[in-house]
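To find a chain, count down the sequence lines: A is the first, B the second, and so on, and within it residues start at 1.
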Amino acid sequence: MDNVAFLSYKPDPMHTYGFEKIEKKWRDKWEAEQTFAVPSTSATNFDRNKPKYYILDMFPYPSGKGLHVGHPLGYIATDIVARFKRMKGFNVLHPMGFDAFGLPAEQYAIETGTHPEVTTLKNIENMQKQLRQCGLSYDWSREIQTIDPKYYQWTQWIFLQIYNAWFDEEQNKARHIDTLIQAYENDVYRVSAEKQRVAKQNKDYVNATKFADLSKAEQQDVLGKDRLAFLDDVTVNWCPGLGTVLANEEVTVDGRSERGNFPVFKRPLKQWMLRITKYADRLEDDLRLVDWPAAVKHMQRNWIGKSQGATIEFALERNANEKIPVFTTRPDTLFGCTFMVLAPEHPFVEHLVTDDQRRAVQRFQEKMAAKSDVERQSDTKSKEGVFTGSYAVNPANGRKMPIWIADYVLMGYGSGAIMAVPAHDQRDFEFAKKHLIKIRAVVQPDDKFLKEHQLSLMEYLEDPGSLDVAFEEKGVGAQSDSKDIDLNGITTDRAKEKMIQFLETKGLGSRRVQYKLRDWLFSRQRYWGEPFPILHGPDGEIRAVDEKDLPVVLPEMKDFKPFASDDVHALPTPSLGRAPKTWQEVEIDGVKYTRELNTMPQWAGSCWYYLRFIDPGNDQRFAGEAEEQYWMGENGVDLYVGGVEHAVLHLLYARFWHKVLFDLGHVSTCEPFGKLFNQGYIQAYSYQDERGMYVSALDVQEEKDGTYTYNGAKVTRQLGKMGKSLKNSISPDEVIESFGCDTFRLYEMYLGPIEQSKTWDTEAIVGVHRFLQRVWRNFISEEDGQLQVVDQPMDDTLKLIVHKTIDLVSKDMNEMKFNTAIAHLIQLNNLFVSMDQIPLAAAQSFVLMLSPLAPHLCEELWQRMGHQESLSYHPWPQADRSVLAEDKVEIVVQINGKRRANIEVAPDISKEEAEALSMQQDNVRKHLEGMEIVKFVYVPKRLINFVVKPK
RNA sequence: GCCGACGUGGCGGAAUUGGCAGACGCGCUUGGUUUAGGCCCAAGUGGGGUAACCCGUGGGGGUUCGACUCCCUCCGUCGGCACCA
């Protein structure tokens with residue numbers, strides 16, 4: 001069947017069951033009876049003693065484009081698990097909602113010229129309609145929308161928790177800001193490390209002896225140095241095309257916005273930041289605790305970028321008191337350091353440069369400043385740099401080293417300066433070769449390396465000719481040339497350790513853990529987001545909105561467009577600047593405050609929505625304590641399913657918020673998502689004509705020679721995403737209309753493992769449809785529509801097969817291997833086809849097992865079997881172990897690994913009995929003739945193997 | 001460049017975790033039903049051979065009575081990170 005035929009294909013009514021009627025009947029019934037609604041944990045009809053299972057989908061953005069068949073893949077999978085767990089006796093929480101704030105919704109609203117709320121609500125309604133026909137067992141009574149003021153009231157509340165918290169390094173957790181104020185007021189401010197650090201940063205306040213003596217604005221300024229949410233002058237990613245700044249995570253590698261693909265520029269700006277870096281260590285460490293795909297953990301670790309090493313102070317040659325700190329992960333190679341490199345923007349450069357080098361350095365700095373980030377990052381080969389004229393002293397051996405600046409050292413990481421060890425670092429090596437700087441090998445390579453390059457150890461370490469390959473060392477020992485420390489002949493790991501200890505005792509440096517993770521830029525200049533619950537006073541005081549005054553409702557505005565611009569130099573201006581003055585200005589006790597005009601980023605609402613589902617109607621707290629403890633207990637969300645695209649952004653931010661809430665005592669687990677599962681994508685072929693235009697995939701014909709044509713013209717084929725613009729999108733609606741929702745669900749699951757990407761193949765769908773038709777025909781007579789099931793016991797063979805299937809399908813369900821579960825059910829059903837009459841017990845087990853996958857059909861059959869209650873909460877069938885414990889098993893007899901016979905034996909016979917029995921087989925005897933048995937292997941229940949050789 | 005995952009018929013994919021490779025479905029072949037096509041039903045379908053049997057899980061090597069599965073190595077595909085010191 002080609003694609004054209006698929007469109008017009010309708011199963012023959014003569015040979016299909018009336019899925020349209022059946023599916024509508026049961027969907028309506030579930031909805032009318034609220035079958036899947038979960039009562040409050042304190043309700044009388046709620047059994048708190050039953051185990052809980054919280055299963056969650058990543059909630060969607062209500063985009064205007066509607067769903068294609070790829071979207072429901074994860075929802076169908078979670079629905080099957082939810083239905084399975086209910087039958088297994090769990091209280092199942094399975095909610096759905098919409099993440100409706102943010103750029104995509106606003107961009108769509110701008111494109112269509114209507115208010116984002118109107119378009120968003122319309123899109124939500126449309127998506128709900130599409131989701132409903134997939135037969136998903138959500139508790140819709142718990143639906144949430146992030147744009148609802150009753151929801152974002154708590155988003156704002158959580159922001160205030162973060163704002164009113166500081167990170168106590170000693171306890172390695174967040175605490176309420178009052179504890180810090182108290183410490184300051186108890187005069188600790190004057191003497192504590194905090195005070196000194198703050199004093200250093202705020203030279204103006206050094207003279208104040210008491211915290212209380214500072215002005216309100218000054219106090220807030222001091223506290224801002226420690227609050228987990230704070231205003232700061234930072235270099236931000238400014239995107240004029242979108243009229244907003246973006247988080248690092250929202251900028252692509254080639255320096256464009258992830259949404260809209262507009263160019264992004266660096267520029268300094270005062271912005272709200274969240275101090276996620278304080279949690280870098282715990283975010284990294286606690287990945288141990290969660291059951292997540294290795295790839296996602298890997299990506300998060302990569303993003304956090306923890307590396308262990310040391311900070312080493314390098315003194316200037318001309319003045320030993322002036323020091324430049326560097327960070328290194330290879331302190332053991334300190335003796336091999338032959339020069340230093342600073343980032344071109346490093347503030348110390350000005351101080352270092354000598355008169356004769358000044359012009360060259362300035363020219364280089366200007367050149368680097370002119371380069372965009374994009375250019376600088378893509379250009380990893382050139383290794384440009386210039387000598388500053390100054391020298392530093394290697395603290396370990398007193399050698400004099402030139403100080404350079406170069407493009408390959410970044411200001412944003414470590415201290416913006418490095419010790420260069422050209423012999424043992426690829427980049428330093430390339431730089432040293434280009435600029436003819438001395439190379440010194442100090443780590444001894446392994447024997448294999450020396451052999452390959454035909455070098456002796458001495459040659460390697462001394463001969464300049466060997467240094468072309470020096471940086472390739474594999475590291476088995478280290479050399480040193482100081483009397484104070486001996487690293488010779490020990491492993492790299494031990495040498496690192498020894499060097500750090502040496503540096504610390506000598507006061508030359510210290511152990512240091514460095515992270516790539518930066519603080520989270522939390523403000524946006526767009527309209528369609530949560531307003532900050534923050535007020536600005538006339539004297540620069542920052543003041544949190546009182547909790548009782550939440551929510552700060554987003555003002556009604558006709559013109560909500562961002563101040564976007566083609567002008568690179570245009571300044572970021574918040575859209576809320578267009579809001580009425582009555583909204584912008586607030587008077588408290590005679591003081592006029594203005595509202596914060598930035599809004600929160602798209603991620604804010606999704607950082608905690610899983611907590612709201614627990615108790616969505618609560619207007620006293622984000623969720624009731626007892627409810628939170630029950631549903632989040634132990635593992636948090638028990639199963640969280642969504643795409644890998646959220647591996648770093650959403651999942652890192654949500655973990656961070658959750659940890660703050662945990663530290664402040666608002667939630668009971670330190671991790672929100674115990675188990676995470678990434679569903680794959682559904683891919684589809686798209687077709688382009690000669691001009692590169694996409695043509696409708698449904699109208700493409702495959703020719704006999706394997707090429708593809710559209711209206712007779714040749715087109716090229718490519719496998720990729722499904723989408724309206726690619727003209728290869730298939731909506732669930734059309735599939736459900738032709739084949740029914742049960743077939744659609746079954747088919748999506750049958751394509752392959754959920755975690756894998758797979759190709760949508762319109763042809764194969766008839767396979768599972770045929771299966772469901774056969775199921776129907778097996779149970780319901782075509783002539784009279786009567787149930788064809790007899791209340792008779794199963795014979796032994798059928799019993800064994802049914803119980804084996806129960807065993808296998810149960811296992812598959814637990815492991816979410818729905819494709820193999822379906823295969824086993826098809827197999828059992830094929831057995832039913834060959835039977836005249838199906839025993840009731842077998843039919844019931846079969847229908848129960850199929851029901852999570854094809855719920856409508858199974859409910860109908862279940863009812864026709866005489867049951868009043870929905871099977872949704874009926875216990876899952878149990879495999880009878882005594883049936884499965886066979887009294888005879890067939891095992892293979894092999895000779896030298898070759899199968900020679902099959903014999904039936906009792907499963908628990910002895911090795912000797914097995915040997916004797918197998919010897920009685922003619923074929924075995926024949927092959928043993930003239931042979932000597934060297935060894936006899938017996939694997940109980942599996943096989944027998946004779947190892948023989950000619951006599 | 002670094003890190004990670006994977007490689008099984010014409011296709012999507014199974015394999016009780018080291019035990020009869022290819023379950024199940026698509027496609028294909030033949031037959032039935034049908035005015036015809038579609039739908040539906042039945043049988044067959046890794047390769048070679050009349051057959052007994054032989055060969056087969058990217059290539060090569062190893063461990064084992066026995067390897068898709070474990071180890072080494074090479075090749076290929078996909079994904080992540082990318083001047084992070």
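Residue A:Tyr750 has no polar side-chain atom (N or O) positioned under 4.0 Å from OP1 or OP2 of B:G25. The phosphate of B:C41 (OP1 or OP2) has a side-chain N or O of A:Arg777 nearer than 4.0 angstrom. Residue A:Thr820 places no side-chain N or O under 4.0 Å from the OP1 or OP2 atom of B:C24. Within the structure, every side-chain polar atom (N or O) of A:Gln426 is placed at least 4.0 Å from both OP1 and OP2 of B:G1. Contact between the side-chain N/O atoms of A:Arg770 and the OP1/OP2 oxygens of B:C26 is found at a separation under 4.0 Å.
In this structure, A:Lys758 and A:Val768 both approach RNA chain B, and ranking their closest nucleotides by distance from the 5' end singles out A:Lys758. For the pair A:Lys926 and A:Thr759, nearest-nucleotide mapping onto RNA chain B gives the more 5' position to A:Thr759.
For the P atoms, the distance linking B:A52 with B:U8 amounts to 30 Å, nearest Å. B:G27 sits 29 Å from B:G79 when the P atoms are compared, rounded to a whole Å. Distance check on atom P: B:G37 versus B:G31 gives 12 Å, rounded to whole Å. Using atom P as the reference point in both B:C70 and B:U17, the two lie 14 Å apart (nearest Å). Annotation: B:G60 and B:C65 have their P atoms spaced 23 Å apart (nearest Å). To the nearest whole angstrom, the two C1' atoms, one in B:G48 and one in B:G9, are 15 Å apart. Going from the P atom of B:G4 to that of B:C74 covers 15 Å, rounded to whole Å. The gap from the C1' atom of B:G61 to that of B:G10 amounts to 32 Å, rounded to the nearest Å.
Using a 4.0 Å heavy-atom criterion, one finds that A:Ala764 contacts the sugar-phosphate atoms exclusively. Using a 4.0 Å heavy-atom criterion, one finds that A:Asn945 contacts the bases of the nucleic acid, with or without backbone contacts as well. Using a 4.0 Å heavy-atom distance criterion, A:Lys516 is classed as a base contact. Using a 4.0 Å heavy-atom cutoff across all strands shown, A:Asn819 reaches sugar-phosphate atoms only and no base atom. At the heavy-atom level, A:Asn830 lies under 4.0 Å from the strands shown only through sugar-phosphate atoms. Contact annotation for A:Gln894: base contact, defined as any heavy-atom pair under 4.0 Å involving a base atom. Contact annotation for A:Val948: no contact, since no heavy-atom pair falls under 4.0 Å across all strands. Backbone-only contact: A:Leu751 has heavy atoms under 4.0 Å from sugar-phosphate atoms and none from a base.
The glycosidic torsion of B:U17 lies within 90° of 0, which places this base in the syn conformation. Glycosidic conformation at B:G9 (O4'-C1'-N9-C4 for purines, O4'-C1'-N1-C2 for pyrimidines): syn, within 90° of 0.
The nucleotide whose nearest atom lies closest to any side-chain atom of A:Gln756 is, among B:C65, B:G19, B:G13, B:G13. Out of B:C54, B:A85, B:A23, the shortest distance to the side chain of A:Thr329 is found at B:A85. Of the candidates B:G80, B:C65, B:G19, the closest approach to any side-chain atom of A:Val947 belongs to B:C65. Distances from the side chain of A:Ile826 to the nucleotides B:G25, B:A85, B:G13 place B:G25 closest. Here B:C54 is the nucleotide among B:C81, B:C54, B:G19 with the atom lying nearest to any side-chain atom of A:Arg900. With B:C81, B:C3, B:C24 as the candidates, the nucleotide lying closest to the side chain of A:His298 is B:C3.
A tilted orientation is assigned to the rings of A:Trp404 and A:His435, their planes being inclined by 30° to 60°. Using bins of under 30°, 30° to 60° and over 60° for the plane-to-plane angle, the ring pair A:Tyr413/A:Phe327 lands in the perpendicular bin.
In this entry B:C28 has B:G44 as its Watson-Crick or G-U wobble partner, both defining distances falling under 3.5 Å. Base-pair partner of B:C2: B:G80 (Watson-Crick or G-U wobble, both distances under 3.5 Å). Across all strands shown, nothing is found opposite B:U16 as a Watson-Crick or G-U wobble partner with both distances under 3.5 Å. Across all strands shown, B:C75 is found opposite B:G7 as a Watson-Crick or G-U wobble partner, with both distances under 3.5 Å.
Judged by distance alone, the side chain of A:Asp812 and the main-chain N or O of A:Ala821 form a donor-acceptor pair under 3.5 Å. The backbone N or O of A:Thr743 lies less than 3.5 Å from no partner atom in the side chain of A:His769, so there is not a single donor-acceptor pair. The backbone N or O of A:Lys817 lies less than 3.5 Å from a partner atom in the side chain of A:Thr820, making a donor-acceptor pair.
By the 4.0 Å N-to-carboxylate-O rule, A:Asp807 lies close enough to A:Arg881 to be salt-bridged with it. One finds no salt bridge joining A:Arg330 and A:Asp425 here, because no Lys/Arg side-chain nitrogen approaches an Asp/Glu carboxylate oxygen to under 4.0 Å.
Test A:Trp760, A:Phe739, A:Phe771, A:Phe818 against A:Tyr747 for ring pair (Phe, Tyr, Trp, His ring centres under 6.0 Å) and you get one pass: A:Trp760.
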